[in-house]
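The structure displayed is predicted, hence computed values, not measured ones. Ligands are counted one by one from 1 in listed order, and the atoms in each one are counted from 1 as well.
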Amino acid sequence: MSQTPSPAPAPAAAADTIAFIGGGNMAASLIGGLVAAGHPAASIRVSEPDADRAAALQARFGLVIATDNAAAVGGADIIVLATKPQQVADAIRGLALSVDATLISICAGVRIASLRALIGTGGWSGAIVRAMPNTPALFGAGITGLHASEGAAPRARMQAETVLKAAGQVCWVDTEQLMDAVTAVSGSGPAYFFLLTEAMAEAGVALGLTPADAKALALQTFIGAAKMAEGTGTDVATLRAQVTSKGGTTQAALESLEAAGFRRILGDALQAADRRGAQLGDELAATI
Ligand SMILES: NC(=O)c1ccc[n+]([C@@H]2O[C@H](COP(=O)([O-])OP(=O)(O)OC[C@H]3O[C@@H](n4cnc5c(N)ncnc54)[C@H](OP(=O)(O)O)[C@@H]3O)[C@@H](O)[C@H]2O)c1
């Protein structure tokens, strides 16, 4: 797995025409990032069945609203598939893509083989890149796991990076199966953080703090610790050791967590998410 940090948005591939199929939450955050990075709105097209949502996107970004999916993808260099997984088959079946267009799918669990089967080969020989962003992408602070189809050209990888770096950092994985692991770690990860914050605030209330104080203390502690880990660049295990004085309060708490099997509990949770990701992929493949 290789990670590409992106403190600043990637320079946009200004010559590329990008067509979004589906203009929902994730598409809007990617489009916002692309426009902020200097990609001309006139070379971004969106096909979105909800007329109000389409109009809002046009008003916000000045992009092109396509009449339908076929019009959106016609002549486009990059197609970003951004519907719900269950809507994919209706959205792309039999679409005519430009011969070397790159298809980027952000749809959870939808496999490369299913996407190829739906589009068909008729004249199209471009690469497919699967992408798994996470919800902090909505604030430009996401991280996206990426996997490219076999034989994908460097150009296709660069195109995928350009689009996904609009939402934060990217991280390439070598096998499609590892996309389930990415989903387990970073796709579902924000929910683990929210649960941890919730549990820590509840524990603070049990110790006598007001709910508002406990919530503020817990949340800002995690935000500050994350900034510290990022800012110092020091390994998190070292940072943990540095704040754990021998015989102190932190050591008492960490020993209690380790004794209760904290790492095993988290490991089991991620295994469950990974298994569920594979199952969802199987279920979707069976319907295509
Ligand atoms: N949100 C996240 O945090 C997140 C994280 C990782 C991956 N993803 C993936 O990102 C994808 C999009 O998620 P989202 O949260 O952005 O969903 P969303 O807000 O529901 O956006 C999907 C959009 O696609 C439209 N659509 C439906 N059928 C279509 C069709 N045939 N042609 C063109 N557009 C169509 C939908 O319109 P209607 O509403 O009218 O149906 C909707 O506006 C999902 O596959 C999800 O797995 C999301």
Side-chain angles (χ1 to χ4, degrees), residues 18-34 44-58 60-61 63-74 76 79-97 103-112 114-115 118-119 128-147 160 163-171 173 179-194 273-274 276-281 283-285 287-288:
I18 307 177
F20 283 81
I21 301 182
N25 294 319
M26 201 44 87
S29 51
L30 292 175
I31 292 165
L34 282 165
I44 301 176
R45 307 172 189 160
V46 180
S47 172
E48 165 54 51
D50 183 317
D52 290 342
R53 204 170 294 155
L57 284 171
Q58 189 171 37
R60 189 170 158 204
F61 299 114
L63 43 69
V64 181
I65 300 298
T67 45
D68 57 25
N69 296 348
V73 305
I79 291 95
V80 183
L81 182 57
T83 66
K84 293 277 191 223
Q86 303 77 0
Q87 299 165 329
V88 165
D90 281 348
I92 64 165
R93 198 186 301 276
L95 276 184
L97 309 190
L103 176 68
I104 302 169
S105 166
I106 65 166
C107 305
V110 183
R111 296 193 179 134
I112 288 172
S114 301
L115 294 166
L118 281 166
I119 292 181
I128 296 180
V129 178
R130 274 188 63 184
M132 171 51 59
N134 61 5
T135 44
L138 304 174
F139 296 87
I143 184 156
T144 299
L146 292 171
H147 172 72
V163 173
L164 275 311
K165 278 187 176 178
Q169 298 185 14
V170 301
C171 171
V173 296
M179 291 301 285
D180 293 328
V182 168
T183 307
V185 176
S186 57
S188 303
Y192 315 153
F193 163 76
F194 299 137
D274 181 74
R276 185 64 190 134
Q279 261 172 10
L280 285 171
E283 286 167 19
L284 275 164
T287 65
I288 285 168

- [ ] Mark up the atoms of ligand 1 that fall under 4.0 Å of a heavy atom belonging to M26, in ascending order.
- [x] 1 (N), 2 (C), 3 (O), 4 (C), 5 (C), 16 (O), 48 (C)
Task: Spatial distance of atom CD1 (I128) from atom CZ (R111) [nearest 0.5 Å] - done: 13.5 Å
Task: Close-contact set for ligand 1 against T135 heavy atoms, below 4.0 Å - done: 2 (C), 3 (O)
Open item on the list: Using side-chain heavy atoms (C-beta onward) and a distance below 4.5 Å, is T183 in contact with R276?
Closed with: no
Task: Minimum-distance protein heavy atom relative to atom 19 (O) of ligand 1 - done: N25 N, 3.0 Å
TODO: Answer yes or no: does an N/O atom from Q87 fall short of 3.5 Å to an N/O atom of ligand 1?
DONE: yes
Task: Heteroatom distance test (N134, ligand 1): nitrogen or oxygen, under 3.5 angstrom - done: no
- [ ] Look only at the side chain of D274 and the backbone of A181, and say whether a donor-acceptor pair between them is shorter than 3.5 Å.
- [x] yes
Open item on the list: Please report the interatomic distance OG1(T83) to CG(N69), rounded to the nearest 0.5 Å.
Closed with: 8.5 Å
Open item on the list: Considering non-hydrogen atoms of the protein only, which is the closest contact for atom 34 (N) of ligand 1, and what is the distance?
Closed with: P49 CD, 3.2 Å
- [ ] Could you name the option among V88, N69, I106, T83 that has the heavy atom nearest to atom 45 (O) of ligand 1?
- [x] T83
Open item on the list: At less than 4.0 angstrom from any non-hydrogen atom of A108, what atoms of ligand 1 do you find?
Closed with: 45 (O), 47 (O)
Open item on the list: Show the atoms of ligand 1 that are less than 4.0 angstrom away from any heavy atom in S47.
Closed with: 33 (C), 34 (N)
- [ ] Give, for atom CG of D90 and atom CD1 of I21, the distance between the pair rounded to the nearest 0.5 Å.
- [x] 12.0 Å
- [ ] Out of M132, R53, K84, indicate the one that has the non-hydrogen atom closest to atom 20 (O) of ligand 1.
- [x] K84
Open item on the list: Within this structure, what is the CD1-CD1 distance for the pair I79 and I104, rounded to the nearest 0.5 Å?
Closed with: 9.0 Å
- [ ] Spell out, as yes or no, whether a donor-acceptor pair under 3.5 Å connects the side chain of R60 to the backbone of G32.
- [x] no
Task: Protein contact of atom 24 (O) of ligand 1 - nearest heavy atom, named by residue and atom, plus distance - done: G22 CA, 3.4 Å
TODO: For a side-chain contact (heavy atoms from CB on, under 4.5 Å) with P85, tell me which candidate from V110, T287, I106 qualifies.
DONE: V110
Open item on the list: Which residue and atom name correspond to the protein heavy atom nearest atom 21 (O) of ligand 1, and how close is it?
Closed with: G24 CA, 3.2 Å
Open item on the list: To the closest 0.5 Å, what do you measure between CD1 (I119) and CZ (R93)?
Closed with: 11.5 Å
Task: ligand 1 versus P133: contacting region, heavy-atom distance under 4.0 Å - done: both
Open item on the list: Out of all atoms in ligand 1, which are within 4.0 Å of some heavy atom of A91? Include the element for each.
Closed with: 30 (C), 31 (N), 32 (N)
Open item on the list: Using a 4.0 Å cutoff against the non-hydrogen atoms of P85, which atoms of ligand 1 qualify?
Closed with: 44 (C), 45 (O), 47 (O)
Task: atom 12 (C) of ligand 1: nearest protein contact (heavy atom, Å) - done: A82 O, 3.4 Å
- [ ] Could you tell me the residue and atom name of the protein heavy atom closest to atom 25 (C) of ligand 1, and the distance to it rounded to 0.1 Å?
- [x] E48 OE1, 3.4 Å
Open item on the list: Please check: side-chain N/O of H147 versus main-chain N/O of R130, any donor-acceptor pairing under 3.5 Å?
Closed with: no
TODO: Report the distance from atom SG of C107 to atom CG of L81, rounding to the nearest 0.5 Å.
DONE: 4.0 Å
